[in-house]
Amino acid sequence: MASDSFHCPNSSSSFVLVGVPGLEAFHTWLGILFCLQYIVVLVGNGMVLLVISLDDSLRNPMHCFLAMLAAVDLVMVTSTVPKMLSIFWLNSTETGYPACFVQMFLVHSSTSEESGVLLAMAFDRYIAISQPLKYEAILTHQTVVQIGLAIVGRALLFMVPLTWMVTNLSFCNSRVVPHSYCEHMAVAKLAYTDPRSISLYSTAGSSLIVGMDMAFIAVSYGMIIKAVLGKKSSHRKAFSTCGCHICVMLLYYIPGLVSMYIQALGRSVPAWAQVLLADLYLTIPTMLNPIIYSMRSKQIRRAVLKVLFSKKVHA
């Protein structure tokens, strides 16, 4: 990281994040918007983790995956939103090399992990609906742990080479990043050397990960729907649940893919639209996930009410 300064004697060891280029006049209002979203994310996902950790009845594989999703969401937004707010409200635009690259690693690895958890949850629902009697035998505690480790391992295999490639670039020209966080392509485009190899690796790797996950998720939900059609009594509830899950997944995957390809290939899309889409892609799904996936569960709703009102009940 610091080696760049030896190639560029007059260079500093920091980047400057501009926020949302072209919308500087609206930074205060954007800060309010993202602050409110951040509060909702913290409260919603924090409550999910709290009740799952406190309630012994919430220990089945589904709740383990929900806890994983909540943890990943908290890492994703906490690695970006506080710095965004300091840019929007305090004009604190400078960020050091280490902080920038750590943020880059956390943001992009957590997006990969989130995709993996969504796939695991789709598989979990398929097993629960199609093989209810074998559910706990198939998804044992050990299997869930192995799935979690595989999700993290895949993210590391993708992000470690990408982070290494970006950190070894020479930033001898501008250090002004036209973004509100250290998005890897926005940083790589500032390099003195040609960043096309990074763009190719990132686009191909992300497309492979997301494409495979989306394909397997589509197959899982197709098989879920097929299994549900044979159980007339569960049609309405199952279709309602699947419909909500699919909507949230589309809200996560489609903006993410659009944002990725625009960053890599887009030339005619305004910079403010690219950055705002990338920012909202990190906050809106993480805000909706605890509502759609967790609070729709009767067990979790009861556990939340128990935590919130147990003292009043005892009084």
Side-chain angles (χ1 to χ4, degrees), residues 29-52 58 62-82 84-85 106-125 151 155 180-181 209-210 213-214 216-218 220-221 224 237-260 273 275-305 307-308:
W29 295 106
L30 288 173
I32 294 173
L33 171 65
F34 284 104
C35 182
L36 292 175
Q37 290 178 335
Y38 187 44
I39 291 171
V40 174
V41 172
L42 291 180
V43 172
N45 290 285
M47 182 61 71
V48 170
L49 287 174
L50 178 64
V51 298
I52 289 176
L58 303 178
M62 178 187 70
H63 297 120
C64 292
F65 291 132
L66 289 175
M68 291 181 197
L69 185 66
V72 171
D73 284 346
L74 288 174
V75 171
M76 188 186 299
V77 294
T78 302
S79 63
T80 54
V81 175
M84 287 165 56
L85 296 180
L106 290 175
V107 171
H108 295 296
S109 60
S110 60
T111 55
S112 172
E113 289 163 2
E114 174 125 346
S115 181
V117 175
L118 292 176
L119 172 58
M121 291 171 63
F123 176 70
D124 168 85
R125 289 301 83 203
I151 291 169
S180 51
Y181 65 88
I209 290 173
V210 173
D213 287 354
M214 289 184 68
F216 284 122
I217 287 171
S220 296
Y221 276 104
I224 288 171
K237 181 179 178 181
F239 280 128
S240 174
T241 301
C242 289
C244 290
H245 289 188
I246 290 170
C247 287
V248 174
M249 287 182 184
L250 291 176
L251 189 62
Y252 175 75
Y253 283 116
I254 292 177
L257 287 171
V258 171
S259 177
M260 177 182 69
V275 174
L276 201 55
L277 177 63
D279 292 346
L280 292 173
Y281 159 68
L282 297 180
T283 55
I284 291 180
T286 56
M287 184 173 61
L288 294 178
N289 282 343
I291 299 171
I292 300 299
Y293 290 113
S294 299
M295 296 308 170
R296 286 176 62 87
S297 165
K298 290 182 180 179
Q299 287 177 291
I300 292 184
R301 286 205 303 270
R302 288 196 202 102
V304 169
L305 293 174
V307 169
L308 293 177

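A quick note: this is a predicted structure, and the numbers were derived from the prediction, not measured.
Considering only residues two or more places apart in sequence or on other chains, T283 meets the side chain to side chain donor-acceptor pair (under 3.5 Å) condition with Q37. M68 pairs by the side-chain contact (heavy atoms from CB on, under 4.5 Å) definition with F65, V117, V144, not counting sequence neighbours. S220 meets the side-chain contact (heavy atoms from CB on, under 4.5 Å) test with A122; sequence neighbours excluded. In this view, D124 and Y135 satisfy the side chain to side chain donor-acceptor pair (under 3.5 Å) rule, not counting sequence neighbours. Remark: P285 pairs with Y252 by the side-chain contact (heavy atoms from CB on, under 4.5 Å) rule, at least two apart or across chains. With sequence neighbours excluded, no residue forms a side chain to side chain donor-acceptor pair (under 3.5 Å) with E113.
Side-chain contact check for F123 versus L119: every heavy-atom pair is 4.5 Å or farther apart. No side-chain heavy atom of V41 sits under 4.5 Å from any side-chain heavy atom of T78. Contact check for Y181 versus S79: no side-chain heavy atoms found under the 4.5 Å cut-off. Side chains of L66 and I300 form a contact here, defined as non-hydrogen atoms less than 4.5 Å apart.
The minimum heavy-atom distance linking L74 with G46 is given by the pair CD1-N, 4.4 Å. Among all heavy-atom pairs drawn from L58 and A303, the shortest one is CD1-CB, 3.8 Å. Shown here for L85 and C35, the closest heavy-atom pair between the two residues is CD2-N, 3.9 Å. The two atoms that bring I209 and S112 nearest to each other are CD1-OG, 4.0 Å, heavy atoms only.
D73 contributes atom CG, which lies 8.5 Å from atom OG of S110 (distance to the nearest 0.5 angstrom). Remark: N45 CG to L50 CG distance equals 12.5 Å, nearest 0.5 Å. Considering CD of E114 and OH of Y253, their distance stands at 8.0 Å, rounded to 0.5 Å. Note that CZ of F34 and CG of L276 are 5.5 Å apart. Values are rounded to the nearest 0.5 Å. Going from atom CE of M84 over to atom CG of L282 covers 7.5 Å, rounded to the nearest 0.5 Å.
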* To do: Please step through side-chain contact (heavy atoms from CB on, under 4.5 Å) for the pair V48 and N289, ending with a clear verdict.
  => CA-CA 10 Å; V48 170; N289 282 343; over 6 Å; no
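Put simply, the side chain of D213 never gets that close to the backbone of L118: no donor and acceptor are under 3.5 Å apart. The backbone N or O of H108 sits less than 3.5 Å from a side-chain atom of T111, completing a donor-acceptor pair.
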